[in-house]
Each structure stands twice: as structure tokens, then as C-alpha cells.
Amino acid sequence: MEKKIAVLKGDGIGPEVTDQALLVLNAIEKSFGHKFHYTEALVGAVAIDATGNPFPDETLKVCQSADAILFGAIGHPKYDNDPKAKVRPEQGLLAMRKALGLFANIRPVATYKILENASPLRADLVSGVDFVVFRELTGGIYFGTRGRSEDGNMAFDTCTYTRAEIERISKNAFEAARIRRNRVTLVDKANVLASSRLWREVVKEFHAAHYPDVELDFMFVDNAAMKIITQPAYFDVVLTENMFGDIITDEASVITGSMGMLPSASVGSAVALYEPIHGSYPEGAGKNIANPCAAILSAAMLLETSFGLLEEAKAIRNAVVKSLEDGIVTVDIRRENPSSTTEVGAYIAKLVEKNAKVTA
Ligand code: IPM
Ligand code: MN
């Protein structure tokens, strides 16, 4: 198979972990006889530094002409502490999601047996946790009307959703449930917000009309936040709007023992984007300490979801599990005598090649 991949390494640890994902993709190319063509483009703070724009037109073009996008991370502390900054790296991410129509952010939360003791939760609570969050990504309060009064003493952000926006991501969530444990939980705040009441109404109708075979339940977001730490194994597919999804996926990510293990996909109707959920972690940048597994697993999701390469994706996942079992892990997982980013990446790439030889 021959495919084009846009590579947006971005800021902080983004470049380091993406390089390891590329190393593993090279191993896949070699072992399975594919050819991937990579084109790098700028996004985030590095793009602001180079062009003044966090998501330059050139980057949009590279993304649009690719078959899939591999993304590192964006964000830089010099903007976080400056509320008056006119351009921010995050704007690049939001502009990219909007311009590419990436309306569904898919964040799987699965635990690894070997990491159960690294979780802040008791091992019996974490055992067997396996759910996926479908977060709406191009609507809601992130993209609503916002503003500031003239005297500067009042500010507002509005949360807007349309029936069409809710239906299109509901379809993704229900389809996913059918090949999982067949349950969707809609997380909202319908006891307070009009937009949440629309979500509930539309999802109910959509479910009755198209997916009556899937179990559907509803949960207020505050309750869901509790349930994620008191009974995480309850969830199968979680469907939610943009900001609730942002918050609960960060919460969900840490119960697995390391946020450095979690990949994600953002999909729409055209090209899809794959990224580790951990963000740019600027304190760790340039130190060769970041966990590359989330980026590597994002590459696996890319192969599976965008290219239909199931065997190849499985080969990567198996290699990641084996590296954990063999104790080749970064400092977020083991404080004593950890391996570096590049050591973990090289180990996983080697395993991919070795196992492919054995099964060939
Ligand atoms: C995420 C991030 C972004 C978001 C930020 C960087 C704009 O937190 O991908 O979850 O809030 O969506
Ligand atoms: Mn977030």
C-alpha cells in the first residue's frame, strides 16, 4: 500500500514522540511492504515563531492533500501566562479542527494489566476498564460567540449546537458501540443547559430511529465525573459535547496509570488526524524522557482507521504491550532506572520487525 502522511510535530515534546512513531511506521513499511510518503508542516508555537500564524495555509494544504495526519502536540508556556497574547498556539489547533471538519474526537481509555498499580485508583477499580469517549470537536462553547464588554468588566462565551451537529457524531458513537459492548452513555447537563436538552432530545430520537438495538443511557456531567473514578468499568461508549469531553477525557486518562499511553483520533468526512492526548509537556521537552507510547499507538490507530491495516496496527499494539512487560518504560511509568524516549521507541520498532519476521 502506498499512502501520504502529513506530519505535524508541533511544540514541546511533540517532535520527540512523533519521531518515535515515525521510527515504528518505518518498521511497519519494511516488514509489511508498504510505502508511506511523509510531508512535514508547521503548527502551534513553532508556526507562530516562523510565520506569525499557528496554522499557516501551507499546513492546511499539506493536510488536505494527505491520506492521514500524524500530529504531535501544541502549546507553549510563554502564551499560557499571557492572557493578552493576540495569537495563541491553541488557536492553530482549533482552526485546524474546523478547517478539516474534524467533528469527532475519539479517545479510547483502556488499562494495561501491568500498569494497574501505577493508577491513582485501587487496582480492583481499574481492572478491565475499557471505554471510548466520542467528544464533539467543532461546535459548542469552543466555537460560539464570545466577547468582552467595552469597560472590560464583563465577558461571555456561548454554547451553541445544531441538530445536524449532534446527529453526525451520534452516528459514529452508535456504530462504535455495535462493535463493542453495545452501550452508549450520553453525558450532558440537561438539568441546566438548553444546549444539553437539545442533545438529549436529538440523541433519543436518533437512537429510536436508527439504533434501537444499542443500549442508551444518560448521565449528568458532574455525576459522570464521579463515576469515572468510582466505577470506571461501567462505561462502554461515552458521547458528549466539546467542553465536557475535554474535561472528562483528561480525568479518564490518568486512571490508566499513565496519560503517556493514550492515543486519539479526530475524524470527520475527509482526512483524519491522530495524536497522543498528553499535550506538549514543555517541562519535559528536549530531555528525552517523554513516553512515546501514546504517539506510537496513535500511529497504530492511523493505520487501522484511515488505511484499514488491522494486522499492522495489531503488530504495533502487541509490541507496546511487550515493551511494558519487558520493563522498557519511561520515567512516568517507572521512576527507578527508566528508559529514555528514544530507547523505548527503538525497542518497540525492533519488536515490530522481529515479530513480523517470525509470522512471515
Ligand atoms: C485537547 C486540548 C485542547 C482542547 C486545547 C489545547 C485547545 O486540551 O485537545 O483536549 O481543549 O481541545
Ligand atoms: Mn484537553
Side-chain angles (χ1 to χ4, degrees), residues 8-15 17-18 42-48 53-55 59 63 69-83 85-109 131-144 146 157-161 165 169 187 221 224-225 228 238-256 258-268 272-285 290 294-295 297-298 301-302:
L8 277 50
K9 298 181 182 177
D11 303 324
I13 58 169
V17 295
T18 309
L42 295 173
V43 73
V46 288
I48 300 179
N53 179 350
F55 184 55
T59 302
C63 291
I69 306 164
L70 190 63
F71 184 89
I74 65 157
H76 193 284
K78 79 177 170 206
Y79 300 95
D80 293 347
N81 302 324
D82 178 8
K86 286 249 153 42
V87 225
R88 322 181 67 84
E90 288 78 6
Q91 286 164 347
L93 188 59
L94 300 183
M96 181 168 72
R97 289 171 179 169
K98 200 71 173 179
L100 297 170
L102 303 172
F103 63 80
N105 184 215
I106 306 167
R107 296 185 167 180
V109 180
F131 62 92
V132 56
V133 180
F134 280 73
R135 166 191 176 194
E136 203 290 329
L137 204 57
T138 52
I141 200 162
Y142 273 59
F143 292 94
R146 61 178 109 254
D157 301 274
T158 48
C159 180
T160 311
Y161 269 109
E165 284 172 321
I169 189 173
V187 169
V221 63
I228 285 171
V238 174
L239 169 63
T240 193
E241 63 93 58
N242 202 343
M243 191 159 75
F244 297 157
D246 178 46
I247 298 168
I248 65 169
T249 53
D250 262 24
E251 183 193 12
S253 71
V254 294
I255 69 175
T256 63
S258 173
M259 180 176 213
M261 296 300 301
L262 298 182
S264 75
S266 297
V267 308
L273 175 146
Y274 300 84
E275 67 176 304
I277 81 153
H278 49 58
S280 62
Y281 181 38
E283 305 81 5
L297 292 166
S298 296
M301 260 182 119
L302 180 157

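One-based numbering, in listed order, for ligands and for the atoms of each.
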Closest non-hydrogen atom pair between Met261 and Leu297, with its separation: O-CD1, 3.2 Å

Looking only at non-hydrogen atoms, find the nearest pair between Phe55 and Val43 and report the distance.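 Phe55 and Val43 have their closest heavy atoms at CD1-CG2, 4.1 Å.
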
Taking Arg135 for the side chain and Arg107 for the main chain, is one N or O donor matched with an acceptor at less than 3.5 Å? no

Using a 3.5 Å distance criterion without hydrogens, assess whether the side chain of Thr160 forms a donor-acceptor pair with backbone atoms of Gly144.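 It does not hold such a pair.
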
Is there any N or O on Glu90 that sits under 3.5 Å from an N or O of ligand 1?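 Such a contact does not occur with ligand 1.
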
Report yes if Glu275 has an N/O atom closer than 3.5 Å to an N/O atom of ligand 1; otherwise report no.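 So ligand 1 has no N or O lying under 3.5 Å from an N or O of Glu275.
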
Can you tell me which residue and heavy atom of the protein come closest to [atom], and the distance to 0.1 Å?
atom	result
atom 1 (C) of ligand 1	Arg107 NH2, 3.4 Å
atom 9 (O) of ligand 1	Arg97 NH2, 2.8 Å
atom 11 (O) of ligand 1	Tyr142 OH, 2.5 Å
atom 8 (O) of ligand 1	Asp246 OD1, 3.3 Å

Residue portion contacting ligand 1 (non-hydrogen atoms closer than 4.0 Å) for Arg135: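 Under 4.0 Å from ligand 1, Arg135 contributes side-chain atoms alone.
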
With rounding to the nearest 0.5 Å, note down the distance linking OG1 in Thr249 to CG in Leu262.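 Nearest 0.5 Å value for the OG1-CG distance: 9.5 Å.
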
Can you find a pair of side-chain heavy atoms, one from Asn242 and one from Leu137, that are under 4.5 Å apart? yes

If the cut-off is 2.8 Å, does any N/O/S atom of Asp246 fall short of it from the Mn ion (ligand 2)? yes

